[in-house]
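For reference, the structure is listed below as structure tokens.
Positions are given from 1, in the same order as the sequence printed here.
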Amino acid sequence: MQTLKQAAKKDVFQLFAEKVRDHKGLVSRWAVLQETRVEYFRGKDFVSFLKNHPEIKDILESNKNLEVEEIVDTLLSKNLLVRCDRVVKTVRPGKKKLSTWPAHLEIFPDQVFSESDSFFAWTFVKQRPLWQTLLSLSWPVLTLAICLFPIYPHGCKLLILYSCAGLLLLIFSLLSLRATVFGALYIILGKRVWLFPNILAEEATLGELFRLWPNKDEEERPKWTTRLFYALLAVLVILLLRHHAPDEAARARYQKRMSNIIDDVLEWSPSLALSGMMEKQPTLVNATEPNDFTDSGQTDSEKVPPAGDEGGETILEQHEDEEIKNIEDAADQHQHQDHI
């Protein structure tokens, strides 16, 4: 009977730990503890959380009147929590204080509750929600859909192509905007401001990932000589890029080459591939029929290639060469006029 009561009491604290971990009122972060990613919170945040949400202690039933220190010590004794400490205990150069949320932790020797500068990591595996399970099951379907892209209808290929191109353009535009704003504010005002500061973070929630404004800059303001050096470096890079930029003819050749590659991918279909394979197959010759060989030991079909295919390729190549030559002549005339 006592064993059942102890099991029930353990289940109560387990339910309490799961409820607290899933609650959005407790601020938590992810860090690395002994080569394992763990979710952790600060001791002072846990005290504030229980003060602001006292109703959550009702899950403990007969133990709901326990103090915060006693609750945490019980969770520690049941291996639902583990007290941690920051690995880097010294202020890094250029910083004014230690990081509020360290990225690397280690186990603290004394496994007791403390409110000041203490961190506690959850040790149990969090139950996965239904949407994550469904998302994990959809990955094989998505992989198969990517592999079947060549046989999609032409309209479907265009939709996927423009969607991916628009997404890439959005990503590169956002990164370019972040770099431009950071460089301008760093050189002019000496401020380090990264828009969307967590957009490249590996460990961040969805809300933190798209947070626009960064936290307050805690680093020392850079010297004016450093800002002047980076300003001159930026001007030099811009001038080099402008000097070595490709001309109109080179851009036209590259654009035509890329257009041909994209057209080949979009216009490919299994029926065209099969028809092309059938046309390339050699015609079977009856073994009983005599073969007329020339003096060089080759048949007439091997000696004389089809005139239609060769002529078509030659005309197409000549047409492309003429277009490129006209573009180059126009570019040379434009440069000559600018020089005059």
Check the surroundings of atom CZ in F124: do more than 12 heavy atoms from other residues, nucleotides or ligands lie under 6.0 Å from it? yes

Note to self: Using a 3.5 Å distance criterion without hydrogens, assess whether the side chain of E18 forms a donor-acceptor pair with backbone atoms of L15.
What the structure shows: no

Using a 3.5 Å distance criterion without hydrogens, assess whether the side chain of S136 forms a donor-acceptor pair with backbone atoms of T133.
yes

Inset, instruction - Take E39 and R29 through the test salt bridge (Lys or Arg N to Asp or Glu O under 4.0 Å) and record every step on the way to the result. - result: CA-CA 6 Å; E39 186 179 7; R29 294 289 189 276; over 6 Å; no

Partner of F49 under side chain to side chain contact (heavy atoms under 4.5 Å, CB included), picked from V68, V27, I56, is I56

* Does R221 offer a backbone N or O that forms a donor-acceptor pair with the side chain of K191 under 3.5 Å? -> no

inquiry  = Any non-hydrogen side-chain atom of L135 less than 4.5 Å from a side-chain atom of S138?
reply    = yes

Open item on the list: With a sphere of 6.0 Å drawn around NE2 of H53, does it hold more than 12 non-hydrogen atoms of other residues, nucleotides or ligands?
Closed with: yes

*asked:* Would you say L80 ends up clustered with Y40 if hydrophobic residues are merged whenever their side chains have heavy atoms under 4.5 Å apart, either directly or through other cluster members?
replied: no

task = Give the intermediate values and the outcome of ring pair (Phe, Tyr, Trp, His ring centres under 6.0 Å) for residues F196 and W194.
result = CA-CA 6 Å; F196 297 99; W194 285 108; over 10 Å; no

request  = On the 0 to 90° scale, with breaks at 30° and 60°, tag the Y186-Y230 ring pair as parallel, tilted or perpendicular.
outcome  = perpendicular

**OP:** For K223, look at atom NZ and say whether over 12 heavy atoms of other residues, nucleotides or ligands are found less than 6.0 Å away.
**Re:** no

Checklist entry - Are V38 and F108 co-members of a hydrophobic cluster defined by side-chain heavy atoms under 4.5 Å apart? => result no

| task | Answer yes or no: are there more than 12 heavy-atom neighbours, outside E55 itself, under 6.0 Å from its atom CD? | result | yes

- Inspect the contact between R251 and E248 and indicate whether a charged nitrogen and a carboxylate oxygen are less than 4.0 angstrom apart. yes

Checklist entry - Between R86 and D117, is the closest basic N to carboxylate O distance under 4.0 Å? => result yes

Has K157 got more than 12 heavy atoms of other residues, nucleotides or ligands less than 6.0 Å from its NZ? yes

(request) With ring pair (Phe, Tyr, Trp, His ring centres under 6.0 Å) as the test, would you mind laying out the steps for F119 and W101 before giving the verdict? (result) CA-CA 9 Å; F119 307 98; W101 298 96; 7.1 Å; no

Applying ring pair (Phe, Tyr, Trp, His ring centres under 6.0 Å) to F113 and F120, what does each step give before you reach the verdict?
CA-CA 9 Å; F113 177 75; F120 299 90; 5.6 Å; yes

Residues E106, R83: salt bridge by 4.0 Å N-O rule | no

In terms of heavy-atom contacts, does NZ of K126 have more than 12 from other residues, nucleotides or ligands at under 6.0 Å?
yes

